Amino acid sequence: MRFGVGLPTATAGMMYPTPFATAADVVDIAVEAEQFGYYEVAGNDHITTQQYVRKSYPVPPDFFEPLVTYGYIAARTSVLRLMTGILVMPMRQPVLLAKQLSTLDQLSGGRVMVGAGSGAYREEFVASQPHLAHAHRGRLLNESIEAVRLLFRERRASYVGEYVAFDDVEMFPKPVQDVLPIYPAGNADASIRRAARYGQGWLPAGLGPAAVAAGKKKLAKYAAEEGRGDQDFAIAPQVMVCLSDTTEEAEEIYRRSQLFHHLVTLQQSTLKDVSVDTYVTNNCIGTPDDVIAKVQEFRDAGATHLAGIYFAADNIEQLRAQMRRFATDVMPAFTD
């Protein structure tokens, strides 16, 4: 089982209070994550502040662009994988994105992983791409993945789709990795089909072990239909963690955290089929023994990687304390 840390590149005002992390804090968390043996860090991707966040805070949150941030982190780390959790591909021009990802993979020595999605907030997409306000983001995401893959693979690439088009682009250098891993994100059937068609893994969010197991079965079925039945997919759910000395205290801390209330805001998007009643039981909340038992449930369900874990915290030091405690009290139980 592999474990990752949700890097607070663009989480203030949503999962955490604002202000929350400085640029230096973000880098230091990544460096410390490598020292504690985490497999990856997963930086979130937002460009503009959501309306509900603007109403909640008088001071705008800092959103650090993840790929630029990773260029700096790559120079400060050596084995830590640099994952996007998630990269909102419909907000990005695919040719430039392919160039950025291949350059970052070169600079990092082949450590890039792309969690890719359409984004939880359509308002952000419309604000940054008003000329595409009519677009179906799922189809745009599919075209973006196809385009990036083509640019990675071909010497000279051309593409014409419903939304994406380019002609005779010769893009070098290619990524270091023969197949730069892409993990399509999301819980919906369309997201699982996308992972089956394009991905090396599937990145669900907020699901409990039983739902992860059901999704894994769907993924295997859809992969066989796509002629990819032999693909070894990573199953990489994103989970929330809150550790304390007692189960009751951990649940109390988690329920009053902004992380918990952020999940409620996703009821109409990412978590529309996930009941609020399961926000504790679906996640890793409790004593170290409680959390070890829950991680084992995820492993038994087929999870290979808990990606970009979000730790309940009111400030950056609490996040780092949770990250350290998880590394020392939970991760050693899964070293085999």
Side-chain angles (χ1 to χ4, degrees), residues 1-18 20-21 25-26 29-30 32-33 36 38-46 50 53 61-64 66 69 81-88 113 115 117 119-121 183 185-187 203-208 212 236-244 250-251 253-267 269-271 274 276 278-286 290-291 294-295 298 303 305-327 330-331:
M1 177 69 81
R2 292 166 167 170
F3 300 96
V5 173
L7 197 65
T9 50
T11 52
M14 292 175 290
M15 301 173 191
Y16 302 114
T18 185
F20 187 71
D25 289 331
V26 172
I29 287 169
E32 190 169 14
F36 274 104
Y38 285 94
Y39 176 64
E40 46 83 356
V41 286
N44 211 338
D45 182 26
H46 291 288
Q50 297 77 12
V53 175
D62 291 327
F63 290 164
F64 301 103
T69 303
R81 302 282 286 182
L82 309 175
M83 186 174 189
T84 58
I86 62 171
L87 191 72
V88 185
M113 304 167 66
Y121 302 99
Y183 290 28
N187 304 338
L203 187 64
L207 299 183
V212 169
Q238 284 193 299
V239 302
M240 315 298 164
V241 167
C242 185
L243 285 159
S244 194
E251 290 184 5
I253 293 169
Y254 176 58
R255 287 183 185 277
R256 70 169 185 254
S257 72
Q258 188 157 332
L259 185 59
F260 181 89
H261 293 291
H262 170 69
L263 300 182
V264 176
T265 73
L266 300 178
Q267 277 289 295
S269 55
T270 307
L271 301 181
V274 180
V276 175
T278 67
Y279 286 0
V280 172
T281 57
N282 279 1
N283 289 288
C284 298
I285 314 300
D290 292 333
V291 172
K294 181 61 70 172
V295 173
F298 277 109
H305 174 190
L306 297 189
I309 293 168
Y310 287 112
F311 297 98
D314 293 328
N315 56 59
I316 200 70
E317 283 310 316
Q318 288 180 8
L319 187 156
R320 294 174 80 165
Q322 287 279 308
M323 179 180 78
R324 293 165 189 157
R325 189 170 188 182
F326 187 88
V330 177
M331 285 166 50

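Keep in mind that this is a model prediction, so the values were computed, not measured.
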Asker: Looking at Ile86 and Gly117, what are the two nearest heavy atoms and their distance?
Answerer: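 Of all heavy-atom pairs spanning Ile86 and Gly117, the closest is CD1-CA, 3.5 Å.
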Asker: Taking atom CG of Leu243 and atom CE of Met323, what is their separation to the nearest 0.5 Å?
Answerer: 13.0 Å
Asker: With Asn315, which residues qualify under side chain to side chain contact (heavy atoms under 4.5 Å, CB included), at least two apart?
Answerer: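 Here the qualifying residues are Glu317, Gln318.
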Asker: Between Gln258 and Tyr16 (side chain of the first, backbone of the second, donor and acceptor by atom type, cut-off under 3.5 Å), is there such a pair?
Answerer: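 Side chain of Gln258 to backbone of Tyr16: a pair is present.
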Asker: Do Tyr254 and Phe260 make the cut of ring centroids closer than 6.0 angstrom?
Answerer: yes
Asker: Using modelled atom types only, decide if a donor and an acceptor are shared between the side chain of Lys294 and the backbone of Gly286 within a distance under 3.5 Å.
Answerer: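 Between the backbone of Gly286 and the side chain of Lys294 there is no qualifying donor-acceptor contact (under 3.5 Å).
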Asker: Between NE2 of His46 and CG of Asp62, what distance do you get to the nearest 0.5 Å?
Answerer: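 Taking NE2 in His46 and CG in Asp62, the distance rounds to 14.0 Å.
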Asker: Give, for atom CD1 of Ile316 and atom CG of Asp25, the distance between the pair rounded to the nearest 0.5 Å.
Answerer: 4.5 Å
Asker: I'd like to know if the side chain of Tyr279 reaches the main chain of Leu263, judged simply by a donor and an acceptor atom lying under 3.5 Å from each other, with no hydrogens or angles considered.
Answerer: yes
Asker: Would you give the length of the straight line joining atom CZ of Phe326 to atom CG of Leu306, rounded to the nearest 0.5 angstrom?
Answerer: 6.0 Å
Asker: Looking at CZ of Phe63 and OG1 of Thr69, how far apart are the two atoms once the value is rounded to the nearest 0.5 Å?
Answerer: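 The distance works out to 13.0 Å.
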Asker: Please list, chain by chain and in numerical order, all residues satisfying salt bridge (charged side-chain N to carboxylate O under 4.0 Å, His left out) with Arg2, sequence neighbours excluded.
Answerer: none
Asker: For Val53 and Met14, which heavy atoms make the closest approach, and how far apart are they?
Answerer: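 Closest pair (atom of Val53, atom of Met14, distance): CG2-CG, 3.8 Å.
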Asker: Ignoring hydrogens and angles, tell me if any N or O in the side chain of Thr9 forms a donor-acceptor pair with the backbone of Asn44 under 3.5 Å.
Answerer: yes
Asker: Between CG of Asn283 and OG1 of Thr278, what distance do you get to the nearest 0.5 Å?
Answerer: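 It is 8.0 Å, given to the nearest 0.5 Å.
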Asker: Looking only at heavy atoms, what is the nearest atom pair of Phe298 and Pro237, with distance?
Answerer: CD2-CG, 4.2 Å
Asker: Using the salt bridge (charged side-chain N to carboxylate O under 4.0 Å, His left out) criterion, which residues pair with Arg255? Sequence neighbours excluded.
Answerer: none
Asker: Using modelled atom types and a 3.5 Å cut-off, is there a donor and acceptor pairing between side-chain atoms of Asp45 and backbone atoms of Leu87?
Answerer: no
